[in-house]
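Report on the structure given below.
Computed from heavy atoms alone, side chains included, the values below leave out hydrogens, waters and symmetry copies. All of these numbers come straight from a predicted model, not from anything done at the bench.
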Amino acid sequence: MYKPTFKFKRPVLVFRQFGNKGYSLFACLGREVVCSVLSVATLTYASAESVATDPVVSDSTATTTAREMMLEEVAVTGSRAPLTRSQAARMVTVLERADIAQAPVQSINDLLKYAAGVDVRQRGPIGAQTDITIRGGTSDQIILLLNGINICDPQTGHNAMDLPVDLADIQRIEVIEGPAGRIYGTSSLVGAINIVTRRGERQEVRGKRNDQLLDFHAEGGSYGYLSIGGRYSLTSHHSPLTTHHSPLTSNTSHSLSANYSRSDGYSRSKAGGLNTDFRGGKGFYQGQYDDEAMRLSWHLGLADKGWGSSTFYASPKWQADDQYEHTTKLYTAIQGSSKRGRLRLSGSIYWNQNRDRYEGYRGMPEKMKYNYNRTDVYGVSLGSYFDWVAGRTAFGAELRNEDLVSGNLGEPLAQTHHISGTDRDYTLGVNRTNISGYLEHNVLLNRFTASAGLVAVKNTWSAMNMTVYPGIDLSYRPTPRWKLHASWNTSLRMPSFTEMYYKLQGYSADPHLKPEEMQAIEIGANGQFSIFNCQLALWYHHGQNMIDWIMDTSKGDEAVWQSVNHAVINSLGLEVGARMSIANCLLSISYSYIHQDKKQEANIVSQYALEYLRHKLVANARCPITRKLSVNATARWQDRYGSYTDFDGTTHDYSPYAIVDARLTWQENRWKAYIEANNLLDTSYRDYGLVEQPGRWIIAGFSISL
């Protein structure tokens, strides 16, 4: 981290959610990781004076330095046992709350576009529907977590970003790149994204502590876009309680948020109706109890959204341009962790429900019956770690049950279930249980760390045998300014229910798909200087049984999309990034290159596995214009490898494109106002197949804190 000189007073940013918080992905799951440079400075910057550097003690009874954790700038964790940042080997991109507020974005999906290793493939504006991929993978190959809880939908990854939280709810976003089955279990084939939400907060207002905060925000703009939302938080501090150990003080916090957004959409169907419109609401409640002995946290979230799906799933055989989809998602979890004793324990219990209604022809069930799906996911996990003379050891287990009832996916049910609000029943379904156990050991020396472990996985689907996936991370710090790391990791991913059973309108799925498996090697270096930071990473992925939807265009009218296991896909990648501070301006640039090697038959078109960002370049500048007025501008250039087929059956290669986004912000003590332009140059481009993206989008808004 570096500390530039500012001519005006900056608000102090205190990282209160670090240091072994139970809801942090890389705290609740284990080892701390190295923070990589994000592609835009606005999303990675924090001055040195803003970061806590006090020691964080991992064991209150510790008397040796082996159990003491010194918090270096930031503490973000990424494996089973917590380690200090200087010791760990994995790299993670961190998007901080204070900087998220300055970015010209309206959704988490848009925010992730600025991370060099992340591919955001939009099928609709402002996060209406988006596929998020990492390092050339697919949307089903990453694990998505909310406060460390796995919220992946086993039905499909297309709707994974229908989240119950608004940007104003987010404390930070953690993105880890590369397979890590021994850390996250199934689904983490190519990476993980963890969304950490804000807890109840205290603020000093005119010398007085304020335990209640109320935030409100609203914005509107092109294409009938409108978004309004608010958040209320309450924090209480309790007097010391006497226990048989010692007196304790405790804190309890609660927060509640809600948001509504809508848009008329930027395009119309051939019949003249809306086909890229959207509207929906979300609500999120969370609470926490924290004292010197333990920490408990819980959350309840709801997201309800409907959107015009345009030509999202169309094909030459099925030329529908007026599709529609509606999802309702419920998220619940309780988490806890101990803070005393030699053996530290942590655990969680969660239930997530996902309801989906898909209309092949909008509002016309007589032309094509609607597809209804309901997925219930139940999970419980228990983890622990302890220190001893040989280092730090962690072990634990997780059980996760995934249950789908559907009108078109799965096997015939012994007993049907009524679909609420309709005259139909769920007649098909699938149920599978995943059981996993992990073991990890860490050897900690002065400048060197070795972390090795494994996860053993068994899934009841297709009588899968118990399979072990190992991995090892190495880290070496030759000087205080430089850090070198290397890793070898393996992982797996179970096929989604859609990949196994979808067989309507030009699609033919295979219920006997094998799990995907991945091995990866990565080496890299990070350098941190007074006004300049840089990073470099080289990686290689070897994937087996990779799942994709392909079409043989030589079959003409008989061609359909088929789900298949590709034999082998090899991927090679390079990521570089740098940032600096010059004359109060924060500047950054990053570049990602990917090459995939897979023998491809003639006339075969791929939907996902062989469509990836070969080149991605992101540059950002954030500069103050006056004491209260600032500008944030970001440019992205990307070139996608792959092709798509239009309604005439003609195959087209994706064209490279450049996008410029900018925001002007006026910042006061308790409120701010802004105006921004997305796609400022009005570029015509496609992220996915037949779906052309919107042109210039102008938005103005404000937020206020009371």
- [ ] Take Ser684 and Glu692, measure what side chain to side chain donor-acceptor pair (under 3.5 Å) needs, and give me the verdict at the end.
- [x] CA-CA 7 Å; Ser684 176; Glu692 187 168 355; 2.6 Å; yes
- [ ] Please report the C-alpha distance between Asn533 and Gln535 in whole Å, then the side-chain angles of each, then the deciding distance to 0.1 Å, and finally whether the side chain to side chain contact (heavy atoms under 4.5 Å, CB included) criterion is met.
- [x] CA-CA 7 Å; Asn533 292 351; Gln535 67 156 9; over 6 Å; no
TODO: Test side chain to side chain contact (heavy atoms under 4.5 Å, CB included) on Glu219 and Tyr225 and set out the steps.
DONE: CA-CA 8 Å; Glu219 60 184 19; Tyr225 170 67; 2.6 Å; yes
Task: Asp277/Ser263 under side chain to side chain donor-acceptor pair (under 3.5 Å): CA gap, chis, key distance, verdict - done: CA-CA 5 Å; Asp277 58 314; Ser263 170; over 6 Å; no
TODO: For Thr634 and Asp661, run side chain to side chain donor-acceptor pair (under 3.5 Å): C-alpha distance rounded to whole Å, both residues' side-chain angles, the deciding distance at 0.1 Å, then the answer.
DONE: CA-CA 5 Å; Thr634 302; Asp661 302 325; over 6 Å; no
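A donor-acceptor pair under 3.5 Å links the side-chain atoms of Arg231 to the main chain of Arg198, judged by distance alone. At distances below 3.5 Å, not a single donor-acceptor pair connects side-chain atoms of Asn678 with backbone N or O atoms of Ile698. Within the 3.5 Å criterion, the main-chain N or O of Ala658 finds a donor-acceptor partner in the side chain of Thr683. Asn679 places a side-chain N or O within donor-acceptor distance of the main-chain N or O of Pro694, the cut-off being under 3.5 Å. Side chain of Thr276 to main chain of Ser267: a donor-acceptor pair is present (N/O by atom type, distance under 3.5 Å, no hydrogens or angles). For the pair Thr626 (side chain) and Leu629 (backbone), a donor-acceptor distance under 3.5 Å is present.
Looking at Glu522 and Arg135, a side-chain N of the basic residue comes within less than 4.0 Å of a carboxylate O on the acidic one, giving a salt bridge. Salt bridge Arg614/Asp639: absent, no basic N to carboxylate O contact under 4.0 Å. Ion pairing between Lys628 and Glu668 holds under the 4.0 Å rule for side-chain N and carboxylate O. For the pair Arg640 and Asp119, the salt-bridge criterion is met [side-chain N within less than 4.0 Å of a carboxylate O].
A cation-pi contact, defined as under 6.0 Å to the ring centre and within 45° of the axis, is absent between Arg121 and Tyr688.
Looking at every heavy atom in both residues, Ala303 comes nearest to Asp162 through CB-O, 3.9 Å. In terms of heavy atoms, Asn620 sits closest to Ala633 at ND2-O, 3.1 Å. Ala677 and Leu680 make their closest contact through CB-CD1, 3.5 Å (heavy atoms, listed as atom of the first residue, atom of the second, distance). Residues Leu112 and Leu95 share a closest heavy-atom pair of CD2-CD2, 4.5 Å. Nearest heavy-atom pair, Leu146 versus Pro164, reported as atom, atom and distance to 0.1 Å: CD2-CG, 4.2 Å. Considering every non-hydrogen atom in both Phe529 and Gly527, the closest pair reads CE1-C, 3.9 Å.
The side-chain hydrogen bond (donor to acceptor under 3.5 Å, both in side chains) check on Tyr591 picks up His615, with sequence neighbours excluded.
Side chains of Ile100 and Ile170 form a contact here, defined as non-hydrogen atoms less than 4.5 Å apart. Annotation: side chain of Gln129 is in contact with side chain of His158 (closest heavy-atom distance under 4.5 Å). Arg481 has its side chain out of reach of Gln528: every pair of non-hydrogen atoms, C-beta onward, lies at least 4.5 Å apart. Looking only at side-chain heavy atoms (C-beta outward), Asn526 and His485 come within less than 4.5 Å of each other. Counting heavy atoms from C-beta on, the side chains of Val196 and Ile173 never come closer than 4.5 Å.
Side-chain atoms of Gln122 and Lys113 include a donor-acceptor pair closer than 3.5 Å. One side chain, Asp473 or Asn489, offers a donor N or O that lies under 3.5 Å from an acceptor on the other. In the model, Asp687 has no side-chain atom that pairs as donor or acceptor with a side-chain atom of Gln693 under 3.5 Å. In this model, a donor atom of one side chain and an acceptor atom of the other lie less than 3.5 Å apart for Ser705 and Asp215.
Just one residue in the list Gln171, Gln286, Arg97 forms a side chain to side chain donor-acceptor pair (under 3.5 Å) with Thr197, and that residue is Gln286. With respect to Tyr612, the ring pair (Phe, Tyr, Trp, His ring centres under 6.0 Å) criterion is satisfied by exactly one of Tyr641, Tyr654, Tyr593: Tyr641.
Using the six-membered ring where Trp is involved, Phe702 and Phe216 have ring planes that are tilted, between 30° and 60° apart.
Remark: aromatic rings of Tyr331 and His299 are distant, center separation not under 6.0 Å. Taking the six-membered ring where the residue is Trp, the centroids of Tyr223 and Trp697 are separated by under 6.0 Å.
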